[in-house]
> 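Let me give you the structure first, and then I'll get to my questions.
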Amino acid sequence: MKTKLLFTWCLCLLSISCLPVDKKDRYDAIYSGAAWFDQNNNEVNAHGACIVKEGGKYYLFGEYKSDTTNAFTGFSCYSSVDLKNWQFEKLVLSVQEDGLLGPERVGERVKVMKCPMTGEYVMYMHTDDMKYMDPHVGYATCSSINGDYKFQGELLHEGKYIRKWDLGTFQDHDGKGYLLTHEGFIYELADDYKSVVRIVVSDEAPGGESPAMFRKDGTYFWLFSNKTSWERNDNYYLTATSLEGPWNRKGNFAPEGTLTWNSQCSFVLPITTRSDTLYMYMGDRWSFPKQGSAATQVWQPITVRGDEMSIPEFYDNWSFDENGIWSAASLNLKSIKKETHKQGNWDTANDQFKSNDKGALITIPFTGEQVAIRGVTNNTSGYARVVLKNSRKEEVVNTIVDFYTKNEGITQNFVSPILELDKYILSIEVMGEHPAWSDKRKSDYGSTDNYIVIQDVLIR
């Protein structure tokens, strides 16, 4: 796996691009596993997400996470015309005064669909108490896609609430809407999307969570992760030619041991282009407890052949054209690692910078438009504070980067937006903290140390 990731990095990052960059765009590719920054240079904070296209724009909805609590802080909405550059719209649903989404409650897995019958936008979410012992499916509505959603309470089936947590949604080609839940349940929604009329199938994926679904050429593909809390695992999928089944378990859709390229599935977006439909996998790379600043997105093109789907290779950066043809994107970058200035204890063996010394700092001055960090990630890695300042000593970016992965690899940890040509100073500081958590089964997950290992720093 380590060799494969290194090869992929070399293919995607170090090749030379001759394409000009449109200066109005801050990103020229879809980057996976590295934070994106909106028009205000804040991290795009939208997890357990979905995307709805409306009026020529893509609208991204997700959990607006905090670094200090797992309590619900709001659901965010971002917009984009190209899936690369994202503008923060606002929090479209905030903490309620009381009730299922009141203070010190959980709100997760937000999904939005436009109801064909009413024209309303209906939002679904998992609500719970902080111990995850009171699960409900709630819903909210709005007349505009990026307006203020009104929380309506519980989604009911035969007058009773649905005691499920991980959820997804699916809208079929005929406009019918469905709620998907963990363990493999499909609930058909009423025509107004505000209640459940029947259970289509149940218990099709025991132990499965974080469901997502798409349909291509008469085959339904149903994605799940395994239950390992926020830890990544090898996600898998089922197929059927009818939602009623029979459903066939097909196995993993990414190579075994890659842990679905270090992510957990959340949604599949069909991207309709001039001549084809591209299906984009959307997954989260969770980072507890720094969920707000350090958790990132993993978006990858899906290969579909008949009733088989796969994500056989990982692309740090990729893009697609108007005909739905996708390819690895090249960042025209060069190494500037030799210009590094060190403070604190850094081990420089093996042509790397390695430290777990809290406060250890490296700074790199450069002239350019974009900077990227390539690092070693493993189960002893921790958090780094990354700050980018311009020639006026203004902070352009100030963020936290998570170097932890369960299995060791070399990957793209940070990529700045494409900025004005200027003199910048990049600083990388060891925070002396690392991702670590326990679930309600008392299982422990995460890193065991605070190491930051910098393989290279590159600029455009």
> CG of Leu93 to CZ of Phe61: how many Å apart, nearest 0.5 Å?
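Leu93 CG to Phe61 CZ: 11.0 Å, rounded to 0.5 Å.
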
> Between Trp286 and Trp437, is the ring centre distance below 6.0 Å?
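So the answer is no for these two rings.
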
> Side-chain contact, heavy-atom cut-off 4.5 Å: Asn235 with Asn252?
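SC-SC contact between Asn235 and Asn252 ruled out.
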
> Side-chain contact test, heavy atoms from C-beta onward, threshold under 4.5 Å: evaluate it for Phe214 versus Thr219 and give yes or no.
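A side-chain contact under 4.5 Å is absent here.
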
> Verify the distance criterion only: is there a donor paired with an acceptor across the side chains of Arg232 and Asn226 at less than 3.5 Å?
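No.
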
> Just checking Arg163: does its CZ atom have more than 12 heavy atoms from other residues, nucleotides or ligands closer to it than 6.0 angstrom?
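Atom CZ in Arg163 is crowded, with more than 12 foreign heavy atoms closer than 6.0 Å.
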
> Between the side chains of Glu120 and Lys114, is the shortest nitrogen-to-carboxylate-oxygen separation below 4.0 Å, so that they form an ion pair?
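Judged by the 4.0 Å cut-off on N to carboxylate O distance, Lys114 and Glu120 do not form a salt bridge.
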
> Cation over ring, Lys164 on Phe185, under 6.0 Å and within 45°?
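Here Lys164 passes the 6.0 Å and 45° test against Phe185.
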
> Between Tyr220 and Arg215, is there a cation-pi geometry (under 6.0 Å to ring centre, at most 45° from the normal)?
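Relative to the ring axis of Tyr220, which defines the angle, Arg215 lies inside both limits.
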
> On a heavy-atom basis, which atom in Val92 and which in Cys77 lie closest, and how many Å separate them?
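In terms of heavy atoms, the two residues are closest at CG1-CB, 3.6 Å.
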
> Got Val371 and Arg460 here, is their nearest side-chain heavy-atom distance under 4.5 Å?
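Val371 does not reach Arg460 side chain to side chain.
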
> Taking the side chain as C-beta and beyond, is there a heavy-atom pair between Thr377 and Asn407 under 4.5 Å?
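No, their side chains stay 4.5 Å or more apart.
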
> Quick one: does any side-chain atom of Ser76 pair with a main-chain N or O of Asn45 as donor and acceptor, under 3.5 Å?
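Checked: pair present.
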
> Determine whether Ser229 and Glu231 satisfy the following criterion, side-chain hydrogen bond (donor to acceptor under 3.5 Å, both in side chains), listing intermediate values before the conclusion.
CA-CA 5 Å; Ser229 187; Glu231 185 58 271; over 6 Å; no

> Is any side-chain heavy atom of Arg385 less than 4.5 Å from a side-chain heavy atom of Ile428?
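No; the side chains remain at least 4.5 Å from each other.
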
> Whether Arg198 and Glu244 form a salt bridge (side-chain N of Lys/Arg under 4.0 Å from carboxylate O of Asp/Glu) is what I want to check.
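Salt bridge: yes.
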
> side-chain contact (heavy atoms from CB on, under 4.5 Å) between Ser32 and Gln300: does it pass, once the steps are laid out?
CA-CA 8 Å; Ser32 281; Gln300 295 287 293; 3.0 Å; yes

> Mark yes or no for whether Ser447, through its side chain, and Asn379, through its backbone, hold a donor-acceptor pair below 3.5 Å.
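Pair found, side chain donor or acceptor close to backbone of Asn379.
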
> Using a strict threshold of under 4.0 Å (side-chain N to carboxylate O), is an ion pair present between Lys250 and Asp307?
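Looking at Asp307 and Lys250, the cut-off is met.
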
> Flag the pair Glu209 and Lys227 as a salt bridge only when some basic side-chain nitrogen lies within less than 4.0 angstrom of an acidic carboxylate oxygen.
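No, this pair does not count.
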
> With a 3.5 Å distance limit and no angle check, can you tell me whether Asn323 reaches the backbone of Ile325 through a side-chain donor-acceptor pair?
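Between the backbone of Ile325 and the side chain of Asn323 there is no qualifying donor-acceptor contact (under 3.5 Å).
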
> Strictly below 4.0 Å, N to O, side chains only: are Lys90 and Asp148 in salt-bridge contact?
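Answer for the salt bridge query: yes.
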
> Do you know which two heavy atoms are closest between Glu308 and Tyr237, and how far apart they sit?
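Between these two residues, the closest heavy atoms are CA-OH, 3.3 Å.
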
> Are Glu204 and Arg249 close enough for a salt bridge, meaning some N to O gap below 4.0 Å?
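Salt bridge between Glu204 and Arg249, a charged N being under 4.0 Å from a carboxylate O: no.
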
> In the structure I gave you, are the side-chain heavy atoms of Leu238 and Phe224 within less than 4.5 Å of one another anywhere?
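The answer is yes, as the side chains (C-beta and beyond) meet within the 4.5 Å cut-off.
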
> Output, in order, the C-alpha distance, side-chain angles, deciding distance and verdict of side-chain hydrogen bond (donor to acceptor under 3.5 Å, both in side chains) for Thr380 and Asn378.
CA-CA 6 Å; Thr380 62; Asn378 58 32; 2.9 Å; yes

> Answer yes or no: is there a donor N or O on one side and an acceptor on the other, between the side chain of Arg285 and the main chain of Asn262, under 3.5 Å?
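Checked: pair present.
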
> Measuring from atom CG of Leu180 to atom OH of Tyr187, what distance do you get when rounded to the nearest 0.5 angstrom?
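If we round to the nearest 0.5 Å, Leu180:CG and Tyr187:OH are 10.5 Å apart.
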
> Should Arg105 and Asp134 count as an ion pair when the cut-off is N to O under 4.0 Å?
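Yes, this pair counts.
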
> Could you go through the side-chain hydrogen bond (donor to acceptor under 3.5 Å, both in side chains) check for Ser293 and Asp67 one step at a time?
CA-CA 7 Å; Ser293 56; Asp67 283 357; 2.6 Å; yes

> Classify the side-chain pair Asn146/Tyr59 by whether it contains a donor and acceptor separated by less than 3.5 Å.
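Side-chain D/A pair, Asn146 to Tyr59: absent.
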
> Kindly state whether the ring of Trp299 and the ring of Tyr31 have centres lying under 6.0 angstrom apart.
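Ring centroids of Trp299 and Tyr31 are no less than 6.0 Å from each other.
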
> Any heavy-atom pair between the side chains of Leu269 and Leu83 that's under 4.5 Å?
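Result yes, sub-4.5 Å side-chain heavy-atom pair found.
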
> Are Asp166 and Arg109 ion-paired here, with the side-chain N under 4.0 Å from a carboxylate O?
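Salt bridge between Asp166 and Arg109, a charged N being under 4.0 Å from a carboxylate O: yes.
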
> Mind checking whether Phe88 and Trp86 have ring centres under 6.0 Å apart?
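Not under 6.0 Å, so no.
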
> Does the pair Glu63/Lys65 count as a salt bridge with the N-to-O cut at 4.0 Å?
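The answer is yes: the pair qualifies as a salt bridge.
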
> Can you check whether Tyr124 and Tyr193 have ring centres sitting under 6.0 Å from each other?
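No, ring centres 6.0 Å or more apart.
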
> Taking the side chain as everything from C-beta on, heavy atoms only, tell me whether Ile373 gets closer than 4.5 Å to Val401.
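No, side chains not in contact.
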
> Run the side-chain hydrogen bond (donor to acceptor under 3.5 Å, both in side chains) test on Asp82 and Asn85 for me, step by step, so that the C-alpha distance in whole Å, both residues' side-chain angles and the decisive distance to 0.1 Å come before the verdict.
CA-CA 7 Å; Asp82 58 9; Asn85 298 275; 2.9 Å; yes

